[in-house]
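Report on the structure given below.
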2 protein chains.
Amino acid sequence: MELREQLGERGYRMTKPRQAILDVLRATCCHPDANWVYDEVRKTIPHISLATVYRTLDVLAQAGLVRQFHCHGGQARYDDASQPHYHVVCQRCGQVADVPMPSQAALEAEAARSTSYAIAGHHIEFYGLCQACRERDPASPAGRPEQEIARESL
Amino acid sequence: MELREQLGERGYRMTKPRQAILDVLRATCCHPDANWVYDEVRKTIPHISLATVYRTLDVLAQAGLVRQFHCHGGQARYDDASQPHYHVVCQRCGQVADVPMPSQAALEAEAARSTSYAIAGHHIEFYGLCQACRERDPASPAGRPEQEIARESL
DNA sequence: TTACTTGCAAATGATTTGCTCTAAA
DNA sequence: TTTAGAGCAAATCATTTGCAAGTAA
């Protein structure tokens, strides 16, 4: 099994919560926070604890199976990292979507030239307005980011 | 005065803490968190409160004078946004450096084509190892990110 | 004079940790 | 068996907020 191997390489054990949490992340197209994952996983493992969810997300991130990121201000969000991709964040409602677009690996060489770092990778985050927000209020193309992210947008 | 105008446009007033905090951010090459800014500003305004620092950083970010961002896991960090630039983060010590490199505005058009968002901008974050970390331990080119960020690295 | 701002202290809320018990390997 | 992992509850810690007093405009 793929997951078991990936974890095994790093000395991590394969457990039910780990499998379940990765399944949840792979099954969703949204970019959830730890609480959303917690709610979701409890449908499978009702007695799981939130601490386990945090610890597991961390382990999965260490193993490179999951990516953790932050949008404007809020909590950590997570998504399946099985194939590299970029993100767009809506400045008004906070909704995150994947951007299907080839990896811009050439940028790394350029960045390497202008710094003293050994570059290992990069992330790109676009921001703007999602379709729903544009329709809701076509004016103010780049208004202030909303403080709260709608629950449904996760 | 430039700052006064930029704030005024948004209905914000020009105050001593706002000027002082922007000065601190413009004078430093590091990418500090709120607490570091707080310590720094108290040299000028000893009785300023941490809440004011947070509120001010938020106002300056709204006005587009400052950019807020998060590196792996930690608190929010801030930097002067007067000219656009990218960042590199050291995966081991968390140190952040600016990447002097032309803006890749062309990417936005490409992203716009493949999503339903109206793209307003983008950020790129590179990650890798800083020179100091590479010299300290040339092996493990992409080891696990450190949990704690050295105080001096801010 | 009229709000916008600040300081202070208390409140939040996300994330982490200590400890004991359970279960992979 | 041996030792990492899970659950639970308590602890942290960054960030926010309520409110009375200060001050730009």
Side-chain angles (χ1 to χ4, degrees), chain A residues 1 3-22 32-39 41-42 44-63 68-78 94 145-149 151 154, chain B residues 1 3-22 32-39 41-42 44-63 68-78 94 145-149 151 154:
Chain A
M1 173 175 284
L3 173 55
R4 169 169 267 118
E5 287 161 11
Q6 302 238 40
L7 291 176
E9 276 173 20
R10 307 239 172 184
Y12 295 125
R13 291 180 184 173
M14 167 58 187
T15 67
K16 209 168 134 188
R18 287 175 183 175
Q19 180 66 261
I21 287 173
L22 189 63
D33 60 19
N35 244 300
W36 190 95
V37 173
Y38 175 54
D39 288 340
V41 183
R42 269 191 301 176
T44 310
I45 310 177
H47 57 291
I48 197 173
S49 93
L50 182 55
T52 298
V53 172
Y54 273 105
R55 280 188 280 229
T56 300
L57 287 169
D58 195 49
V59 164
L60 294 175
Q62 304 281 5
Q68 185 197 63
F69 61 99
H70 291 259
C71 315
H72 50 261
Q75 337 78 295
R77 297 218 196 165
Y78 302 85
E146 281 286 300
Q147 289 318 312
E148 52 240 291
I149 294 172
R151 192 85 196 122
L154 280 180
Chain B
M1 174 175 286
L3 173 56
R4 169 169 268 118
E5 287 161 10
Q6 302 238 40
L7 291 176
E9 276 173 21
R10 307 239 171 183
Y12 295 123
R13 292 180 182 172
M14 167 56 186
T15 67
K16 209 169 136 190
R18 287 175 183 174
Q19 180 65 260
I21 287 173
L22 189 62
D33 59 19
N35 243 298
W36 189 96
V37 174
Y38 175 54
D39 287 341
V41 183
R42 268 190 302 176
T44 311
I45 310 176
H47 58 291
I48 197 172
S49 94
L50 183 54
T52 298
V53 172
Y54 274 105
R55 280 188 283 229
T56 300
L57 287 169
D58 195 49
V59 164
L60 294 175
Q62 305 280 6
Q68 186 197 64
F69 62 100
H70 291 259
C71 315
H72 51 262
Q75 336 79 296
R77 297 218 196 164
Y78 303 84
E146 282 286 300
Q147 289 318 311
E148 52 240 292
I149 295 172
R151 192 87 198 122
L154 280 179

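In the text below, chain A, chain B and the rest are named by the order of the sequence lines, each starting its count at 1. When reading the values below, keep in mind they use all heavy atoms of this one structure, side chains included, and skip hydrogens, waters and symmetry mates.
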Could you state the atom-to-atom distance from [atom1] of [X] to [atom2] of [N] in whole Å?
X: B:Arg4; N: C:dC4; atom1: CZ; atom2: P; value: 17 Å
X: B:Leu60; N: C:dT5; atom1: CG; atom2: P; value: 11 Å
X: A:Trp36; N: C:dA14; atom1: CH2; atom2: P; value: 17 Å
X: B:Leu50; N: D:dT17; atom1: CG; atom2: P; value: 14 Å
X: A:Arg10; N: D:dA4; atom1: CZ; atom2: P; value: 17 Å
X: B:Glu5; N: D:dA25; atom1: CD; atom2: C1'; value: 16 Å
X: B:Leu57; N: D:dT16; atom1: CG; atom2: C1'; value: 14 Å
X: A:Asp58; N: C:dA14; atom1: CG; atom2: P; value: 18 Å

Only counting residues at least two apart or in another chain, list the ones meeting side chain to side chain contact (heavy atoms under 4.5 Å, CB included) with [X].
X: A:Val41; value: A:Ala20, A:Ile21, A:Val24, A:Val37, A:Ile45, A:Ile48
X: B:Ala61; value: none
X: A:Phe69; value: A:His31, A:Arg67, A:Cys71, A:Arg77, A:Asp79, A:His87, A:Val96

Among residues at least two apart in sequence or on other chains, which ones pass salt bridge (charged side-chain N to carboxylate O under 4.0 Å, His left out) with A:Arg13?
none

Need the bend value for the helix from C:dT1-D:dA25 to C:dA25-D:dT1: angle between end axes, 5 pairs each end, nearest 10°.
50°

Protein-proximity profile, nucleotides 5-14 of chain D, B/S/- by nucleotide at the 4.0 Å heavy-atom cutoff, equals SSBBB----S

Within this structure, what is the OH-OH distance for the pair A:Tyr54 and A:Tyr78, rounded to the nearest 0.5 Å?
6.5 Å

Between atom CZ of A:Arg18 and atom CZ of A:Arg55, what is the distance when rounded to the nearest 0.5 Å?
10.0 Å

Side chain to side chain donor-acceptor pair (under 3.5 Å) partners for A:Thr52, two or more places apart
A:Ser49

Give me the atom names and distance for the closest heavy-atom approach of A:Ala63 to A:Arg10.
CA-NE, 4.0 Å

Passing candidate, side-chain contact (heavy atoms from CB on, under 4.5 Å) with B:Tyr12, options B:Leu7, B:Leu60, B:Thr56, B:Leu3
B:Leu7

